[in-house]
Visitor: 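The structure under discussion is supplied below as C-alpha cells; questions concerning it will follow.
Lettering of chains follows the sequences in order, A, B, ..., and the numbering in each one begins at 1. Bear in mind the structure is a predicted one, so any value in this text is a computation, not a measurement.
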Amino acid sequence: MSSAAIEAYAQQMALVGNPSSLHSAGRAARRAVEEAREQVAGSLGARPSEVVFTGGGTEADNLAVKGLFWARRVSHPERRRILVSAVEHHAVLDPAFWMAEHAGAEIVLLAVDSRGVLDVDALRAELAAHADEIALVSVMWANNEVGAVQPIDAVVAAARPYGVPVHSDAVQAVGHVPVDFAASGLDALTLTGHKLGGPVGAGALLVRRSLEVTPVLHGGGQERGIRSGTLDTAGIRSFAVAVAESVAARETTAPRLASLRDRLLRGVAERVPSATLRGPDPAVEPELRLPGNAHLTFAGCEGDSLLYLLDSAGVQSSTGSACQAGVPQPSHVLLALGIDEDDARGALRFSFGATSTESDVDLVLEVLPDAVARATTAGLTSVGTRRPRSDREVSS
Amino acid sequence: MKVLAAMSGGVDSAVAAARVVDAGHEVVGVHMALSRNRNQFREGSRGCCSIEDAGDARRAADVLGIPYYVWDLSEKFEETVVADFLSEYAAGRTPNPCVRCNEHIKFEALLDKATALGFDAVATGHYAQVLTSTRADGTELRELHRSPNTAKDQSYVLAVMGPDRLQRAMFPLGAFETKDEVRAEAAARGLSVSAKPDSYDICFVADGDTQGFLRERLGAKTGDIVDSDGTVLGEHEGAYTYTVGQRKGLRLGRPAADGKPRYVLDIQPVSNTVVVGPAEMLSVDRVVGDQSVWLADDVLEAHGVGTPDAPGAGASSAEPSAWIDAEVQVRAHGEPVPARVRSVPDASGPTGGMEVELVGATLRGVAAGQSLVAYLGTRVLGQSTVVSSSRSRPAEPAGVGAAEPARSA
C-alpha cells in the first residue's frame with residue numbers, strides 16, 4: 001500500500017462512528033465516506049451518485065453481472081443472454097456461468113484474436129442477431145494476464161443502439177491507461193483498491209443512476225439499497241486516496257513502467273530464444289497493451305518449475321494459472337488466444353508497478369536464462385511412460 | 001544439500017521435513033497434486049491429497065519456515081499409476097499402486113524434476129532406513145533397510161526404486177521405533193497435524209470403494225467361476241474383482257463336495273474365468289518374478305552376477321546367479337518367509353527375473369502382479385513383480401502324489 005493510503009487508513013481506523021448513524025460521530029464518519037466518494041468520482045469522470053462502494057473487485061463484478069441481469073429480467077424475461085469476452089477474469093466469468101446454471105441465463109463467449117483483443121465484428125454480429133434476447137455485455141477494459149487493452153469505445157458504440165447495457169471490469173486499467181466513466185459511455189465499471197496501492201477489501205462499482213441493479217447483499221440498505229453492509233470507512237478513505245493518487249500520477253507512471261517493461265522484453269528476446277511474447281506487441285502497438293505488463297511463454301518448460309527457480313532467486317512472478325482446487329490449470333485466457341495447452345503450461349507474467357526499478361529488470365535478465373535452461377531439462381524428464389505390463393503376452 | 005521434502009499433509013512427511021531442516025540442509029517443501037478428478041478433493045481428509053491435505057502441508061511448511069509449492073503430477077500419475085492399476089486388474093493380476101507410485105512418481109518423475117531444478121535429494125516420510133557402508137574399492141554403498149518399527153516398515157514398497165534412485169533418497173524417519181514417537185515429535189514442534197489420522201485405502205479411489213471404481217472404469221463382464229477341473233460352479237460379473245487367495249464374496253451357492261471353503265486360485269482374463277479350489281491348492285513354494293530391481297549388487301557380485309568394475313550396474317547377465325539365502329515378502333505387511341533367491345536372465349527386459357524357492361515354508365495366494373521383495377536380514381536385496389507361482393511338491397504329506405504343474409496368470 002502507498003504511504004498516503006496507509007496513513008489515511010490508520011487515521012480513520014482510530015475514529016469511532018458508523019457512517020449510517022445520525023448522531024455526530026456517525027455524521028463525521030459519513031462525511032469521510034462522502035468525501036471519498038467525491039474523490040473517486042472526480043478521478044474517474046463519474047458522478048458521486050454513481051459510485052457504489054463494495055468489498056473489492058470480485059464483489060463489484062458479481063454485483064454487476066448478477067444485479068444487472070436479475071433487474072433486466074424483471075422487465076424483460078426474454079432477455080437471457082449474457083455476453084462476456086473469452087478473456088474475462090474469473091470474477092466475471094464465474095458469476096456469469098453460475099447464472100447460466102441457476103438463473104436461466106445463456107452465456108455467449110465473445111472471441112478474441114491471437115493478441116487477446118476482442119473481435120468486435122463478432123460482437124456486432126451477435127448483437128444484430130439476438131439484440132432482444134441480450135441482458136448485458138461485459139468486456140474488461142484491459143486483460144490482467146496478457147495486458148491487451150480492449151476496444152471499449154467500439155463495444156459501447158455497438159451495444160448502444162440496441163439499448164443493451166455494457167459493464168467493464170477496469171481493475172487493471174485504472175491508473176495505467178486513461179479511464180473516464182462518462183466519456184466511455186459505459187453503464188457500469190469495476191475497480192478495486194489493491195491494484196492501486198490501496199487496501200485489499202475495498203473497491204467500487206460505478207453504475208449509472210438510470211440502471212436498475214438487484215442487490216446481491218441484502219440488509220441495512222446502505223449504498224442506496226444496492227449494497228448493504230456497514231460502510232468500511234477506513235477502507236473507503238484509503239481506497240479513495242489510492243485511486244486519486246494513481247490516476248493523478250498516471251501520466252508519469254505509465255511511460256516509466258512501459259520503459260522498464262520494454263527493456264525487459266528486449267533483454268529476454270536476446271537471452272532466451274525459447275521465449276514467446278503473448279498479447280499485443282508493445283513495440284508495434286503500444287496503445288493496445290498495459291504499460292506495466294509483460295507475458296511470456298517458454299517452450300518445453302512448466303510454469304511451476306520457472307516459478308520455483310525465480311522465486312528462490314528473488315524474482316516473484318506469476319504463472320497466471322488459476323489455482324482450481326489446488327491443481328493449477330492452464331489459463332483460459334491463453335487458451336482463448338489460441339495458445340496450445342503445452343505452451344500455456346510454461347507461462348510467466350511479469351507486472352511492473354509503482355515500486356519497480358531498473359535493478360528489478362537487471363535481476364530478472366540475470367536469473368531468467370539459467371532458470372529457463374533448468375526448467376527445460378525438468379520439463380523433458382516428465383516425458384515418456386513405461387510400456388504397460390498387459391501389453392506382454394497373457395497366458396490363458 | 002538442497003533437499004526437496006515431499007509433504008503430503010500427513011504427520012510423517014511433516015516430521016521428516018522437520019528433521020531435514022534440523023540437519024542443516026536447505027529444504028523446500030513440495031506437495032504433489034496427483035488427482036485430476038474433482039471427486040478426489042474430498043472435504044473430510046480421510047486419506048491423501050485432498051485440498052485440506054495441501055493446506056495441512058502448507059501450514060507445516062509455515063511452521064518449519066521453508067518455502068512451499070504444489071506441483072501438478074496428476075497427468076503422469078494417471079498415465080502410470082492409475083493406468084497400471086486398471087490394466088493389471090483387466091489382465092487378471094493384482095497390482096500394488098503404492099509400489100508403482102514410488103517407482104514412477106515419487107522416485108522418478110518427482111525426483112527427476114527435483115534433480116533438474118538443482119536439488120540433491122528428495123526426502124519423504126517413509127518408514128525405512130538407508131545405511132551406508134564402504135565397498136572394497138572405497139566407494140560408498142547405500143543399502144535400503146527395514147525400519148525398526150516393524151509394524152510400519154515400508155521398505156517393501158520402496159524396494160522398487162533401485163540403487164540409482166536410492167542415491168538421492170532420504171528417509172528421515174528411518175530410526176523411529178513407533179508412530180507415537182513421531183506424533184509426539186510433531187506435537188512438540190507445534191505441527192498441527194500431530195493428531196491427524198493416518199491415510200489408508202488407495203489414494204485415488206475417493207470413497208474407498210475399489211470394486212466400484214474398477215466396475216466404473218472396466219465395465220461389468222459376466223463370466224464363469226470354475227473349479228480346477230473346469231467344472232462350472234457359478235457366475236461372476238468381472239474377473240477383475242477377484243484376487244488370488246480370496247475367499248469372501250465368491251457367492252457360489254452350494255458348498256464344495258468336501259465341505260471345505262474355496263479360494264480363488266487363478267484368474268484367467270482371456271476367457272474371463274475365475275478358478276477356485278481348496279486352501280491346499282493355494283499353497284506355493286516357488287515364485288518367479290520379472291522386471292527385477294536389485295539393491296545389493298555387492299551380494300549379487302559375490303554370487304556370480306555383474307562385472308566387478310561396475311558396481312550398481314544392475315543384474316543383467318546371461319547366466320543365473322548362484323542361489324542366495326534370504327527371506328521373501330509378498331505383501332506390504334506380510335511375514336517374511338525363508339527362501340533362496342537368484343537372479344535369472346529374462347527375455348522381457350534388461351533387468352532380468354528373480355526366482356524364489358521357499359525353504360521349509362509355503363505361501364498362500366501369491367497373485368501375479370504382486371510385488372515380491374527379498375531381504376537379507378533387515379537389508380533389502382531386491383524386488384520383482386510376480387509372474388507365476390507353483391508348488392513343487394504336494395502341500396499335504398499323505399495321499400496326493402505328483403507335482404502340480406506350474407500355474408501362471
Visitor: So, taking the atom named CG in A:L309 and the one named CG in B:L117, what distance separates them when rounded to the nearest 0.5 Å?
Guide: 5.0 Å
Visitor: If you look at every heavy atom in B:K113 and A:S305, which pair is closest and at what distance?
Guide: CE-OG, 3.2 Å
Visitor: Is it the backbone or the side chain of B:V30 that comes under 4.5 Å from a heavy atom of chain A, or both, or neither?
Guide: neither
Visitor: Rounded at 0.5 Å granularity, tell me how far CG in B:L73 sits from CD in A:E302.
Guide: 7.5 Å
Visitor: Only counting residues at least two apart or in another chain, list the ones meeting ring pair (Phe, Tyr, Trp, His ring centres under 6.0 Å) with B:Y89.
Guide: B:F85
Visitor: Please identify each residue that fulfils ring pair (Phe, Tyr, Trp, His ring centres under 6.0 Å) with B:Y69, with sequence neighbours left out.
Guide: A:Y308
